[in-house]
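Beneath this line is the structure, given in structure tokens, with notes to follow.
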Amino acid sequence: MLEKSFSPAEAEARLYAIWESSGAFAADPTSDADPFTIMIPPPNVTGSLHIGHALTFTVQDALVRFRRMQRRDTLWQPGSDHAGIATQMVVERLLAAEGTSRKQQGREAFLDRVWQWKAESGGTITRQLRRLGASLDWPRERFTMDEGLSRAVRRVFVEMHGQGLIYRDRRLVNWDPAFQSAISDLEVESREMDGSLWYIRYPIEGVPDRFITVATTRPETLPGDVAVAVNPEDERYRDLIGRHAILPLVGRRIPIIADGYSDPEKGTGAVKITPAHDFNDFAVGQRHALPMPSILDRQAGFVIDEIAGEMRAVEGIADPAYLTRLAGQDRFAVRAAIVAELERLDLLVQVERHRNQVPHGDRSGVPIEPLLTTQWFCNAAELAKPAIRAVEEGRTVFVPRQWENTFFAWLREIEPWCISRQLWWGHRIPAWYGPDGQVFVAEDAAGAAALARTAYGTDEVLTQDEDVLDTWFSSGLWPFSTLGWPDQTPELARYYPTDVLVTAFDIIFFWVARMMMMGLHVMGDVPFRTVYIHGLVRDERGQKMSKSKGNVIDPLALIDQFGTDALRFTICALTGPGRDVKLSPAIVESYRSFVTKLWNAARFCEMNGVAPVPGFDPAQVKLPLSRWLLDSANVAVAEATAALDAYRLNDYAAACYRFTWNTYCDWFLEFAKPVFAQGESPEASEIRAVAAHVLGTILRLLHPAMPFVTEELWGAFGFGAEGTLIRAPWPKPAAAAEAEAARAELDWIVGLITEVRGVRSEMRVPPSILAPILLRDADAEALARAARWEDTIRRMARASEVRPLEGEAPAGSAQAVLGPITIVLPLAGLIDLGAERVRLEKERAKALEEARKVQAKLSNESFVSRAKPEVVEENRERLAGFTAEAARLEAALGRLG
RNA sequence: GGGUGCGUAGCUCAGCGGUAGAGCAUCGCCUUCACACGGCGGGGGUCACAGGUUCAAUCCCUGUCGCACCCA
């Protein structure tokens, strides 16, 4: 016997263990079934399961379970990435708490410590994914720093270096002073800040008392200025072009140049140019072949080494000793000092309050400093071309389609990708330097040594590049490195390209684009055929969840409270393509009712002897009720399948919900009750068999969304051994015999019951009072149906009997119109005849209003002549229907007296 | 500033040329032997606004307003 209620916690742990230990999640490379592959977007090894994970992994698991049931050889590849910066931060914090540091420990000891941390704490999210029911092929779990994946990284690096797609360059990069590492454009977020715009006047060389005033948000970079730029069209400054200004505080002469970058409308129309500390200025500097002295170091402290030689004292304008004293100070202290000195020298014209966008490191949270350094770059523009083409040609398709524009927009104007990071945790760059600085790129030290021997003719001491690669470099290889590449494994041949990548839009640039570029370059084919982009999880007010807002919802807390199935079904029900999901505990609680409803329906079945019948053939059923249910189930199966095929999880959930609750529970089981009450009869045994069959269909349909409760019921009913629903075949529609007739009959019964219930409820007849149902103007077929279903009608419509009306309707009856029939409910003394008159008049008015609208349409000459004939015909029928209904209601009113 | 998406019942959303729908919430009745995490019934919408196309517009087009997000 099923327990009175479902206990999620107990069932989840038990069933997951059965699935996992029985190998139910395992892909089978030797299978001859069609493969279906999803690569997990590898979560950070430092991560723990948050609600966004719950969304994306629920979607993935639902798709995987669906395809597995469709007999596909399913590989859902698990794993995590090493999260260079995040992980290094975590371990550095640990060291700090122990009173030591990364630098004190040294590289090797530090890396040992990170691996130790990973072993102890790194598996959090993989444990949590099991609670979500995720059916990942765990024995295949990979980590981006695994030896195999590291080998793939080295191989790709070496190959691409050989092809000129990876190179060293001295460029301006986004420098994170907190991490003291370069970061990529994507790891920078601009934040709007309250700042100031400082107007500073620079004296013009050789023109006493003439100044040019520049406006800047970053006065601290002034010592690095190498020019003042004005727009060539700007009349105000035309005569100054070609002259020189004297750089305040420094004393160096800098040219006044003409460049379109300078916007006459902004500030004063004259801008200071600091190529080593601003991306726009860097471009100007390149155009005009200007020097690029740096005045900030890796800690964003002030340094004068590169300008010291050109500092000179100029009376009232520059004093080298002042700048020298500032050396070593932080950029913000230097800003204050420089502003103060300019003010003292009367070179500060004014200060305006100014809102500006300040780039910040997305992880460190500190302002980013553009810094001129030598780094490794990847020629992303070149790699982007095949990726763009693949999407243009539909070899990879985004769902929903509009995200392709986002993808294109970013790839079409992509900058070189800075792939080196000044960190220790990550894939060390496979480049070695000879004594003269010559670089040798090889997969290992021996390979580099061989190259060096060829170059030098002797064995020289080589030192490996200190830096590591951007984590996304290894993540970009994920779809094939996890399958064994560079080895040509059976898995690689079978599962690449993968079928679908599931992720949120915020990761299109970071990861999707990089996998596309790397996959096409290395494998010569797209990494996935479909990219399904889902929304983000928000709170019930639509706000993005964040720790600082305090509105985060912990998925594990929801699971503890309501069960995994409730959370998963909620997510499915709310996940339309590209739609954000607004989640709250209350909504999960309300969907838990559905889990409970399913459980109770099954329990009711069990109590009534419903059990799977071996060899049951749906095509052989005779009763209209059986045929109607099977036909309805076919519709549900078709809807659910189509919705999952189209990644419409919400439609899938709704189709299952509707069929289970509104059809199976509300009508079918109610209709079945009188039959079950008969005990043993051929009729009852057919209904029991059909009930079991369709319950099995429901369990299979719902399994991708609610794996645990469905699996539990599957086992309890003996549809299969415990834990085998996960591998049961996905249901297919199977035509029910004479479904049309069955549907007509059941629809009529449903209509009759609904009408009677409505009248009784509106006339406030208590359910305890039974009243006859008298049918006026009913034809033989209707009367036969009423007779066949009398028990059911009596039960569900609170009727004492159902029979044709003979003679006149008893005085004081309530009436309702059902097609050509008028339903008469003799309730003299029980109802308020005035209220009944009002009710009937309202009904009649409604029918007349509808008839009037349709009539108006049909009276329109151009409608009749220009609309499609079937639409015109349809409206003629509607008019006839409403007119007849109004007439019957009119007659009913007449009978009221 | 450029782009994308969205404004439909109190809330969350579906519909997308011809009858405006669901879930939740709400109201009324019902402790009927699966389920009160329930059953039955009801109310509730000038489909943001203004033009246009069309026999017909919530749906297509244009513009306006509002909200959200992305990029600069």
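By convention in this document, chain letters (A, B, ...) are assigned in the order of the sequence lines, proteins followed by strands, and residues within each chain are numbered from 1.
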Nearest listed nucleotide, side chain of [X], among [options]:
| X | options | result |
| --- | --- | --- |
| A/S862 | B/C55, B/G23, B/C13 | B/C55 |
| A/Q402 | B/G5, B/G23, B/C69 | B/G5 |
| A/A601 | B/A34, B/A68, B/A14 | B/A34 |
| A/N860 | B/A34, B/C55, B/G41 | B/C55 |
| A/K868 | B/G15, B/G18, B/G38 | B/G18 |
| A/R579 | B/A14, B/C35, B/U19 | B/A14 |
| A/E762 | B/A14, B/G23, B/G41 | B/G41 |
| A/R648 | B/A14, B/U19, B/G23 | B/A14 |
| A/F509 | B/U19, B/C37, B/C70 | B/C70 |
| A/V871 | B/G18, B/C69, B/C29 | B/G18 |

Once you apply a heavy-atom cut-off of 4.0 Å, does [X] come out as touching a base, just sugar-phosphate, or nothing?
| X | value |
| --- | --- |
| A/R764 | sugar-phosphate |
| A/Y657 | sugar-phosphate |
| A/N405 | nothing |
| A/R757 | sugar-phosphate |
| A/C665 | base |

Residue-phosphate contact under 4.0 Å: [X] side-chain N/O, [N] OP1/OP2:
| X | N | result |
| --- | --- | --- |
| A/K853 | B/U19 | no |
| A/K4 | B/A34 | no |
| A/K597 | B/G39 | yes |
| A/R603 | B/A34 | no |
| A/W661 | B/G39 | yes |

For the [atom1] atoms, the ones on [N] and on [M], what distance do you get once it is rounded to whole angstrom?
| N | M | atom1 | result |
| --- | --- | --- | --- |
| B/G15 | B/C60 | C1' | 15 Å |
| B/A57 | B/U12 | P | 29 Å |
| B/U58 | B/A48 | P | 9 Å |
| B/U8 | B/C49 | P | 10 Å |
| B/U62 | B/A22 | C1' | 33 Å |
| B/G21 | B/C16 | P | 14 Å |

Rounded to whole angstroms, how far apart are [atom1] on [X] and [atom2] on [N]?
| X | N | atom1 | atom2 | result |
| --- | --- | --- | --- | --- |
| A/F604 | B/C33 | CZ | C1' | 10 Å |
| A/F407 | B/C71 | CZ | C1' | 16 Å |
| A/F676 | B/C33 | CZ | C1' | 15 Å |
| A/N356 | B/G1 | CG | P | 18 Å |
| A/W599 | B/C37 | CH2 | P | 18 Å |
| A/I793 | B/C40 | CD1 | C1' | 17 Å |
| A/F569 | B/U12 | CZ | P | 20 Å |
| A/N600 | B/G39 | CG | P | 10 Å |

Task: Within the 6.0 Å centroid threshold, strictly below: A/F398 and A/W403 - done: no
Complementary nucleotide of [N], counting Watson-Crick and G-U pairs under 3.5 Å:
| N | value |
| --- | --- |
| B/U58 | none |
| B/A22 | B/U12 |
| B/U4 | B/A68 |
| B/G43 | none |

Residue pair A/A602/A/T596 against RNA chain B: nearer the 5' end by closest nucleotide is A/A602
Assign each of A/V765 and A/N662 the nucleotide of RNA chain B bearing its closest heavy atom; nearer the 5' end lies the nucleotide of A/N662
- Query: Within the distance-only criterion (no hydrogens, no angle test), does the side chain of A/T217 pair as donor or acceptor with the backbone N or O of A/L197 below 3.5 angstrom?
  - Reply: no
**Any donor-acceptor N/O pair, A/T710 side chain to A/P707 backbone, under 3.5 Å** = yes
A/D263 and A/N231: side chain donor to acceptor below 3.5 Å: no
Check: Is the closest side-chain donor-acceptor distance between A/S7 and A/E10 under 3.5 Å?
Finding: no
One should read off an interatomic distance between A/F717 CZ and A/L695 CG, to the nearest 0.5 angstrom, of 5.0 Å
- May I ask you to check if A/R743 and A/W748 form a cation-pi contact, with NZ or CZ under 6.0 angstrom from the six-membered ring centre and within 45° of the axis? no
Q: Using a strict 4.0 Å threshold on nitrogen-to-oxygen distance, state whether A/R794 and A/E790 make a salt bridge.
A: yes
Distance criterion of 3.5 Å, no angle test: do you see the side chain of A/E670 paired donor-to-acceptor with the base of B/A34?
yes
